[in-house]
Student: 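Okay, here's the structure, questions in a sec.
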Amino acid sequence: MEGLSLGPAQVNEHAQDHQQYASLSAHTTDHDSWLPAGLMLVTGFNCGYILSFSNLMMVPLGWTWGIICLGVVGLYTAYANWLLAAFHFIDGHRFIHYRDIMGFLFGRKMYYITWVFQFLTMLLSNMGFILLGGKALKEINSEFSETPLRLQYYIGMTGAAYFTFAYLIPTMSAIRSWLVVSTVLTFTYIGLLLMVVIKDGKSDENKNYDLKGSKVGRAFSALGAVSATIVCNTSGLLLEMQSTLRKPAVKNMRKALGLQYTVGLIVYYGVTVAGYWAYGSDVSEYLPEELSRPKWVKVFVNSSVFLQSIISQHIFVAPIHETLDTKFLKLEESMNTASNLKRRLLLRAALFVMNTFLTAAFPFMGDFVNFFGSFTLIPLTFVFPSLIFLKVKGKTARMEKKAWHCFNVVAFLLLAVAATIAAVRLIIDNTRTYSFFADT
């Protein structure tokens with residue numbers, strides 16, 4: 001079955017609405033096989049972000065609740081994305097944007113709410129990537145100098161590299177030729193990282209796994225850990241990624257998801273658990289800072305993280321590029337005409353100058369991860385798919401299925417509110433601890 005169907009009455013009600021929410025796109029759609037999409041998911045979710053997850057996910061929860069959280073969130077996000085992939089088609093209509101299907105089913109207000117949530121997710125995710133790239137470059141410099149430059153210089157270099165790649169490789173489909181490079185870098189740096197992490201863990205017999213802070217502080221930190229675990233597993237951009245796939249797009253997307261939640265999940269959960277096991281509750285927010293010698297391993301890991309992040313960040317910000325290109329480029333011309341190249345240069349430059357400046361001003365890794373994990377990703381991943389199911393299949397679904405999706409809507413809305421409060425509290429704490437443009 002290529003997608004879900006509305007009931008007969010609903011088909012008539014929404015037949016004219018589809019044209020309103022059927023978007024044109026300046027980027028390639030309906031072209032790729034499932035394997036490039038699967039590799040994008042595996043390498044994208046095994047980017048430099050995973051080097052902060054031992055600190056953000058395991059330290060606030062400890063062993064028991066940490067492992068439970070990893071398992072439950074991993075299964076739930078796999079299920080939610082598996083369900084969402086089926087909504088790419090409704091009654092033969094293909095929706096290439098998440099916001100299009102929400103607008104089609106629930107009206108203009110939900111169209112804009114969904115786009116704002118996705119837009120914030122992509123911007124905050126990209127800021128996190130820029131910060132990670134900057135930290136990797138600073139770590140390399142620290143290996144050769146006792147007085148490395150301020151972090152902001154490396155953030156600027158990273159933003160420039162991301163801009164260059166986004167300009168030269170304009171679409172998500174165009175990343176295909178870079179996936180082999182990304183895959184080799186990903187598994188090479190993770191393999192070397194794990195070798196040193198395991199060696200360090202075996203040599204330290206006095207590791208401390210105690211939870212830190214007051215009961216109230218630990219409760220807020222636990223909510224932040226849940227948000228970080230959601231970020232670890234999902235992007236909120238599944239339908240946009242699925243739009244690049246050739247038919248049968250539902251089946252192909254689910255194959256790609258299968259690769260992510262087997263191979264990909266084993267790797268990024270493995271790094272998360274190994275880092276916590278080796279260094280305990282004192283593990284750094286950026287895992288390579290903990291590595292012992294040899295020097296060349298630290299340099300290689302950080303170099304690979306930086307280079308791999310150039311490719312990975314493009315996956316998660318490409319829908320913004322697609323929206324801007326569709327709005328401002330001349331669609332009747334090729335993307336590589338002189339006029340479109342100039343427009344693309346200005347669009348990419350404006351985006352990365354803004355994001356690089358904001359990252360340099362607020363270099364707080366946990367804030368990026370926890371805030372977009374709670375405020376935007378929880379609704380996009382768990383609430384909206386259940387709302388879609390209730391709208392599309394509510395009149396024909398069995399009572400227990402409707403009850404299940406109603407429970408999901410209520411439970412995850414409450415979780416989103418609680419986790420967002422925890423993330424805002426973390427931001428306030430960090431603004432008290434750090435100054436703007438802090439050299440963290």
Student: Within the distance-only criterion (no hydrogens, no angle test), does the side chain of His314 pair as donor or acceptor with the backbone N or O of Met172 below 3.5 angstrom?
Tutor: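 Judged by distance alone, no pair lies under 3.5 Å.
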
Student: Any side-chain heavy atom of Met241 within less than 4.5 Å of one from Met40?
Tutor: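 Counting from C-beta outward, Met241 and Met40 never come under 4.5 Å.
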
Student: What about Phe87 and Phe95, are their ring centers closer than 6.0 Å?
Tutor: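 That pair fails the under 6.0 Å test.
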
Student: Whether the side chain of Asn340 engages the backbone of Asn336 through a donor-acceptor N/O pair (distance < 3.5 Å, no angle test) should be reported.
Tutor: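 Looks like no, no N/O pair under 3.5 Å.
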
Student: Sort and list the pairs that fulfil salt bridge (Lys or Arg N to Asp or Glu O under 4.0 Å) and have at least one residue in residues 66-76, not counting sequence neighbours.
Tutor: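 Not a single pair qualifies under salt bridge (Lys or Arg N to Asp or Glu O under 4.0 Å).
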
Student: For Phe119 and Trp115, take the angle between the two ring planes, folded into 0 to 90°, and tell me which bin it lands in: parallel under 30, tilted 30 to 60, perpendicular over 60.
Tutor: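 Rings of Phe119 and Trp115: perpendicular, as their planes differ by over 60°.
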
Student: If I compare all heavy atoms of Val305 with all of Ala136, which pair ends up nearest, and what's the gap?
Tutor: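 Looking at all heavy atoms of both residues, the shortest contact is CG1-CB, 4.2 Å.
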
Student: Holding to salt bridge (Lys or Arg N to Asp or Glu O under 4.0 Å), I want the full list of residues that pass it with Lys255, two or more places apart in sequence or in another chain.
Tutor: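 Salt bridge (Lys or Arg N to Asp or Glu O under 4.0 Å) list for Lys255, sorted by chain: empty.
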
Student: Please confirm whether the backbone N or O of Phe316 pairs with a side-chain atom of Asn126, one donor and one acceptor, at under 3.5 Å?
Tutor: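 Looks like no, no N/O pair under 3.5 Å.
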
Student: Given 3.5 Å as the limit, does a donor-acceptor pair link the side chain of Thr337 with the main chain of Glu333, or not?
Tutor: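 Such a contact is absent between Thr337 side chain and Glu333 backbone.
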
Student: With side chains defined as the heavy atoms from C-beta onward, is the minimum distance between Leu192 and Val196 less than 4.5 Å?
Tutor: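 No, their side chains stay 4.5 Å or more apart.
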
Student: About how many Å separate CG of Leu358 and CE of Met354, when rounded to the nearest 0.5 Å?
Tutor: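 Answer for the CE-CG pair, Met354 versus Leu358, is 6.0 Å.
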
Student: Test your reading of the model: is there a side-chain donor-acceptor pair from Thr234 to the backbone of Ile230, 3.5 Å cut-off?
Tutor: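 Here the side-chain-to-backbone pair does not exist.
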
Student: I need the minimum non-hydrogen distance between Met335 and Pro170, along with the two atoms involved.
Tutor: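 Closest heavy-atom pair between Met335 and Pro170: CE-CB, 3.8 Å.
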
Student: Any heavy-atom pair between the side chains of Lys202 and Val197 that's under 4.5 Å?
Tutor: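 No, every pair of side-chain atoms sits at 4.5 Å or beyond.
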
Student: So, for Phe306 and Gly133, which heavy atoms are closest and what is the spacing to 0.1 Å?
Tutor: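 Smallest interatomic distance, heavy atoms only, reads CD1-O, 3.7 Å.
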
Student: Find the distance between OG1 (Thr43) and CD1 (Ile315) and round it off to the nearest 0.5 Å.
Tutor: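 Those atoms lie 4.5 Å apart.
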
Student: Quick check: does any side chain N or O of Glu139 sit under 3.5 Å from a backbone N or O of Asn302, one acting as donor and the other as acceptor?
Tutor: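 No; zero donor-acceptor contacts below 3.5 Å.
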
Student: Does any donor atom in the side chain of Glu322 or His97 lie under 3.5 Å from an acceptor atom in the other side chain?
Tutor: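 There is such a pair between these side chains.
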
Student: Does Arg254 reach the main-chain N or O of Lys251 with its side chain, forming a donor-acceptor pair under 3.5 Å?
Tutor: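 Side chain of Arg254 to backbone of Lys251, a donor-acceptor pair under 3.5 Å: no, none is there.
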
Student: As an exercise, state the distance from CE of Met110 to CE of Met102, rounded to the nearest 0.5 Å.
Tutor: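 Rounded to the nearest 0.5 Å, the CE-CE separation comes to 3.0 Å.
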
Student: With sequence neighbours excluded, what pairs up with Tyr268 under the side chain to side chain donor-acceptor pair (under 3.5 Å) test?
Tutor: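 By the side chain to side chain donor-acceptor pair (under 3.5 Å) rule, Tyr268 matches Asn233.
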
Student: Rounded to the nearest 0.5 Å, what's the gap from CG on Leu179 to CG on Leu39? Could you check?
Tutor: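 With rounding to 0.5 Å, CG (Leu179) is 5.5 Å from CG (Leu39).
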
Student: Looking at Tyr79, I'd like to know if its OH atom is crowded, meaning that more than 12 non-hydrogen atoms belonging to other residues, nucleotides or ligands lie closer than 6.0 Å.
Tutor: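 Above 12, so yes.
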
Student: Any donor and acceptor pair, going by atom type alone, linking the side chain of Gln118 with main-chain N or O of Gly236 inside 3.5 Å?
Tutor: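 Here the side-chain-to-backbone pair exists.
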
Student: For Met195, look at atom CE and say whether over 12 heavy atoms of other residues, nucleotides or ligands are found less than 6.0 Å away.
Tutor: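 No, CE of Met195 has 12 or fewer neighbouring heavy atoms, counting only those of other groups under 6.0 Å.
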
Student: More than 12 heavy atoms of other residues, nucleotides or ligands under 6.0 Å from CD of Glu332: yes or no?
Tutor: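 It does: Glu332 CD has more than 12 such atoms within range.
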
Student: Using every non-hydrogen atom in the two residues, find where Ala416 and Ser374 come nearest and quote the distance to one decimal.
Tutor: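 It is CB-O, 3.8 Å.
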
Student: Under a 4.0 Å N-O cut-off, is there an ion pair linking Lys295 with Glu143?
Tutor: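 Glu143 and Lys295: not salt-bridged.
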
Student: List in chain and number order the residues that pass ring-ring contact (aromatic ring centres under 6.0 Å, His included) with Phe352, two or more places apart in sequence or in another chain; answer none if no residue qualifies.
Tutor: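 Testing Phe352 for ring-ring contact (aromatic ring centres under 6.0 Å, His included), a comparison that skips the adjacent residues, returns His321.
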
Student: Going by the angle between their ring planes, with limits at 30° and 60°, are Tyr49 and Phe129 parallel, tilted or perpendicular?
Tutor: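 Rings of Tyr49 and Phe129: perpendicular, over 60°.
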
Student: Measure up the Phe165 and Trp178 rings against each other and bin them: parallel (under 30°), tilted (30 to 60°), perpendicular (over 60°).
Tutor: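 Answer is perpendicular, since the angle exceeds 60°.
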
Student: Which value, rounded to the nearest 0.5 Å, describes the distance between Phe163 atom CZ and Leu351 atom CG?
Tutor: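 It is 10.5 Å, given to the nearest 0.5 Å.
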
Student: Over all heavy atoms of both residues, which pair between Asn46 and Val267 is shortest? Give the atoms and the distance, please.
Tutor: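 That closest heavy-atom pairing would be OD1-CG1, 3.2 Å.
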
Student: Are side-chain N/O atoms of Arg176 and Ser33 paired as donor and acceptor at under 3.5 Å?
Tutor: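 Result is no, nothing qualifies.
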
Student: Within the distance-only criterion (no hydrogens, no angle test), does the side chain of Glu290 pair as donor or acceptor with the backbone N or O of Ser284 below 3.5 angstrom?
Tutor: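 Pair found, side chain donor or acceptor close to backbone of Ser284.
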
Student: Does the gap between the ring centers of Phe104 and Tyr111 come in under 6.0 Å?
Tutor: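 Centroid separation for Phe104 and Tyr111: 6.0 Å or greater.
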
Student: Can you tell me if Tyr189 and Ser303 form a side-chain donor-acceptor pair at under 3.5 Å?
Tutor: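 Their side chains do not contain a donor-acceptor pair, so the 3.5 Å distance test is not met.
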
Student: Residues in side chain to side chain donor-acceptor pair (under 3.5 Å) with Ser312, at least two apart?
Tutor: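 Applying side chain to side chain donor-acceptor pair (under 3.5 Å) to Ser312 gives Gln308.
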
Student: Assess, by modelled atom type and distance only, whether the side chains of Asn81 and Thr381 contain a donor and an acceptor separated by less than 3.5 Å.
Tutor: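 The answer is no; no qualifying pair exists.
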
Student: Compile the donor-acceptor pairs under 3.5 Å between side chains in residues 54-63 and protein atoms, sequence neighbours left out, one pair per line.
Tutor:
| from | atom 1 | to | atom 2 | distance (Å) |
| --- | --- | --- | --- | --- |
| Ser54 | OG | Thr272 | O | 2.8 |
| Asn55 | ND2 | Val283 | O | 3.1 |

Student: Between Arg150 and Tyr153, is NZ or CZ placed under 6.0 angstrom from the six-membered ring centre and within 45° of the ring axis?
Tutor: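 No, Arg150 does not lie over the aromatic ring of Tyr153.
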
Student: Can you pull the salt bridge (Lys or Arg N to Asp or Glu O under 4.0 Å) pairs that have at least one residue in residues 206-230, sequence neighbours excluded?
Tutor: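 Qualifying pairs, neighbours excluded: Lys212-Asp282.
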
Student: What distance separates Arg94 CZ from Leu239 CG, expressed to the nearest 0.5 Å?
Tutor: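 Here the interatomic distance stands at 10.0 Å.
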
Student: Assess whether atom CH2 of Trp65 is packed by more than 12 heavy atoms of other residues, nucleotides or ligands within 6.0 Å.
Tutor: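 Incorrect, the count does not exceed 12.
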
Student: Heavy atoms, side chains only, cut-off 4.5 Å: are Phe357 and Val353 in contact?
Tutor: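 Contact flag for Phe357/Val353 side chains = no.
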
Student: Would you call the rings of Phe412 and Phe382 parallel, tilted or perpendicular, taking 30° and 60° as the class edges?
Tutor: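 Parallel.
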
Student: Decide yes or no for Asn408 and Val383: does some side-chain heavy atom of the first lie under 4.5 Å from some side-chain heavy atom of the second?
Tutor: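 They are not in side-chain contact.
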
Student: Are the side chains of Leu151 and Leu131 in touch, meaning some heavy atoms are under 4.5 Å apart?
Tutor: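 Yes - at least one pair of side-chain heavy atoms lies under 4.5 Å apart.
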
Student: What ring pair (Phe, Tyr, Trp, His ring centres under 6.0 Å) pairs are there with at least one residue in residues 328-348, not counting sequence neighbours?
Tutor: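 Counting only pairs at least two positions apart or across chains, no ring pair (Phe, Tyr, Trp, His ring centres under 6.0 Å) contact touches residues 328-348.
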
Student: Tell me if a side-chain donor or acceptor on Thr244 pairs with a main-chain N or O of Glu240 at a distance below 3.5 Å.
Tutor: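 Pair absent, no side-chain N/O of Thr244 close to backbone of Glu240.
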
Student: Is Asp325 salt-bridged to Arg348, cutoff N-O under 4.0 Å?
Tutor: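 A salt bridge is present here (some side-chain N lies under 4.0 Å from a carboxylate O).
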
Student: Identify, with sequence neighbours excluded, every residue that meets ring-ring contact (aromatic ring centres under 6.0 Å, His included) alongside Trp34.
Tutor: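 Checked Trp34 against ring-ring contact (aromatic ring centres under 6.0 Å, His included); zero matches.
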
Student: What I'd like to find out is whether the side chain of Val317 reaches to under 4.5 Å of the side chain of Ser125, using heavy atoms alone.
Tutor: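 In short, these two side chains do not touch, never coming nearer than 4.5 Å.
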
Student: Among residues two or more places apart or on two chains, list those pairs meeting ring pair (Phe, Tyr, Trp, His ring centres under 6.0 Å) that have a residue in residues 230-264.
Tutor: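 Not a single pair qualifies under ring pair (Phe, Tyr, Trp, His ring centres under 6.0 Å).
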
Student: Would you say the side chain of Tyr162 lies within less than 4.5 Å of the side chain of Thr356, judging by non-hydrogen atoms?
Tutor: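 No. Closest side-chain heavy atoms not under 4.5 Å.
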
Student: If the condition is side chain to side chain donor-acceptor pair (under 3.5 Å), which residues does Tyr167 pass it with, not counting sequence neighbours?
Tutor: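 Listed in chain order: nothing, the list is empty.
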
Student: Just to verify, what does Tyr154 make a side chain to side chain donor-acceptor pair (under 3.5 Å) with, not counting sequence neighbours?
Tutor: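 Expected list: Asn141.
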
